[in-house]
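Everything on this sheet refers to the single structure shown next.
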Amino acid sequence: MSQTDCGTIREYLPDFAAGRLDVGAGKVVAAHLPNCAECRAELDLIQILLAAPPAVPATLVHQVTTSVRTSRRSTRRPWWGISAAAVAALALGIGVSTDRPVTIDGSVPDFASEAEEGELWLSDDGLLAGEPSFDGLSDEALMELLEELTSEGAG
Amino acid sequence: MTDNARGGDAVSDGELVERGRSGDDDALDELVRRHHASAYRVARSITRLDDAAQDVVQDAFIKAFRALSGFRGDASFRTWLMTITANEARLALRKRSRWNESAIDDVGPIAVDDPDPAEQAVNGQESSRARALLETLPEKQRLSVSLRVDEGLSFREIADMIGSTEGAARVNYFHGIRRLRELMV
Ligand SMILES: [Zn+2]
């Protein structure tokens with residue numbers, strides 16, 4: 001199997017492992033696996049992760065639905081100290097990243113806008129594990145990195 | 001109305017959103033039931049704190065429902081909610097770091113409320129070990145892995161959520177997977 005094939009297969013492994021792939025794509029992945037130890041090893045890891053998703057607190061639904069109803073009843077009291085006008089203004093944009101805004105539908109309310117541009121990710125990446133941020137890289141550089149990540153073994 | 005709203009997946013999210021806009025609390029309850037788990041996992045992945053994640057999910061739903069008029073039916077409510085949740089989680093982290101700056105300086109971006117990964121590794125299962133190790137990865141990597149594996153989001157959707165390009169989302173995911181494989185050996 002070529003490296004290109006592995007790159008494609010590996011993109012689909014999470015959906016394959018979780019049973020989210022359609023039959024046709026599932027067959028393509030299944031046909032690849034017997035011949036590729038790397039993809040099998042990655043599938044193993046994904047299956048291990050899927051076996052123990054973070055437990056969701058049983059009380060959460062009740063907590064949220066109760067809070068939602070309570071907040072909807074108190075319409076005269078501004079939520080979180082911001083006015084309706086402020087909510088509308090905040091809904092105009094989002095400043096999550098330095099390179100591109102969130103644009104799922106152009107109207108994600110950004111209630112985190114009190115945070116300064118570019119600071120939302122804290123220094124998590126650099127502090128915790130010394131990882132570089134990939135956001136500043138060119139498409140070409142990203143492709144090279146991706147090629148490397150999807151063509152080499154983990155060991 | 002109540003029965004219809006609770007009729008399970010026969011009613012689309014878009015329909016529930018429409019009903020919610022019209023003041024139908026039962027429809028909003030159903031949206032909470034359908035999507036609270038995804039929202040919680042996003043919040044948990046970012047904050048790494050159970051209690052903070054629950055508060056984040058609560059606030060995210062309240063704010064999403066408040067902004068329902070701005071939601072377009074052609075987008076996925078779930079992805080929209082998850083994006084609001086991610087923003088809310090980052091805001092919560094910022095607030096915590098302001099209130100607890102000395103602790104942040106001491107231990108890194110935020111204290112993890114679970115035992116450390118090495119300790120969890122000893123007590124057992126491969127899956128909990130993998131999950132604990134996942135939490136040690138940088139935020140964009142662990143969030144990309146979680147969103148791709150647990151939620152089945154596309155790299156395009158992940159990019160929108162982590163505020164990056166699609167290529168960067170892909171690289172964050174594969175880098176995270178690779179790191180996990182190395183750590184699991
Ligand atoms: Zn392969």
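Chain identifiers are assigned alphabetically (A, B, ...) following the order of the sequence lines, protein sequences preceding nucleic acid strands; residue numbering begins at 1 within each chain. The shown structure was predicted, so the numbers you read here are calculated from the model rather than taken from an experiment.
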Could you give the distance from CG (Leu45(A)) to CG (Leu133(B)), rounded to the nearest 0.5 Å?
9.5 Å
OG of Ser71(A) to NZ of Lys63(B), rounded to nearest 0.5 Å, is 11.0 Å
Compare all side-chain heavy atoms of Gln63(A) with those of Asp55(B) and state whether any distance is below 4.5 angstrom.
yes
Minimum heavy-atom separation for Leu28(B) and Val68(A), please, with both atom names.
CD1-CG1, 4.5 Å
ILVMFWY network linking Val56(B) to Phe65(B), side-chain heavy atoms under 4.5 angstrom:
no
Name the region of Arg148(B), side chain, backbone, both or neither, that has any atom closer than 4.5 Å to a heavy atom of chain A.
both
Determine the sole option in Ile62(B), Leu31(B), Val57(B) for which the side-chain contact (heavy atoms from CB on, under 4.5 Å) test with Val64(A) is passed.
Val57(B)
Which heavy atom of Tyr173(B) sits nearest a heavy atom of Pro14(A), and at what distance?
OH-CG, 3.1 Å
Any salt bridge between Glu42(A) and Arg178(B), counting N to O under 4.0 Å?
no
Report whether Ile177(B) and Val171(B) are members of the same hydrophobic cluster (ILVMFWY, side-chain heavy atoms less than 4.5 Å apart, transitive linking).
yes
Please look at Leu50(A) and chain B and tell me whether the side chain, the backbone, both or neither of the residue comes under 4.5 angstrom of a heavy atom of that chain.
both
What are the two closest non-hydrogen atoms of Arg72(A) and Asp24(B), and how far apart are they?
NH2-N, 4.3 Å
Donor-acceptor pair, side chain of Thr65(A) and main chain of Asp29(B), under 3.5 angstrom:
no
Using a strict threshold of under 4.0 Å (side-chain N to carboxylate O), is an ion pair present between Arg69(A) and Asp26(B)?
yes
Give the minimum heavy-atom separation between Arg20(A) and Asp150(B), together with the two atoms involved.
NH1-O, 3.8 Å
Non-hydrogen atoms of Tyr40(B) and Pro57(A) that approach each other most closely
CZ-CD, 3.4 Å
When the 4.5 angstrom heavy-atom criterion is applied to Thr66(A) and chain B, the contacting part is neither
Is Ala55(A) in contact with chain B via its backbone, its side chain, both, or neither, using a 4.5 Å heavy-atom distance?
backbone
If you compare all heavy atoms of Arg131(B) against all heavy atoms of Leu49(A), which two are closest, and at what distance to 0.1 Å?
NH2-O, 2.7 Å
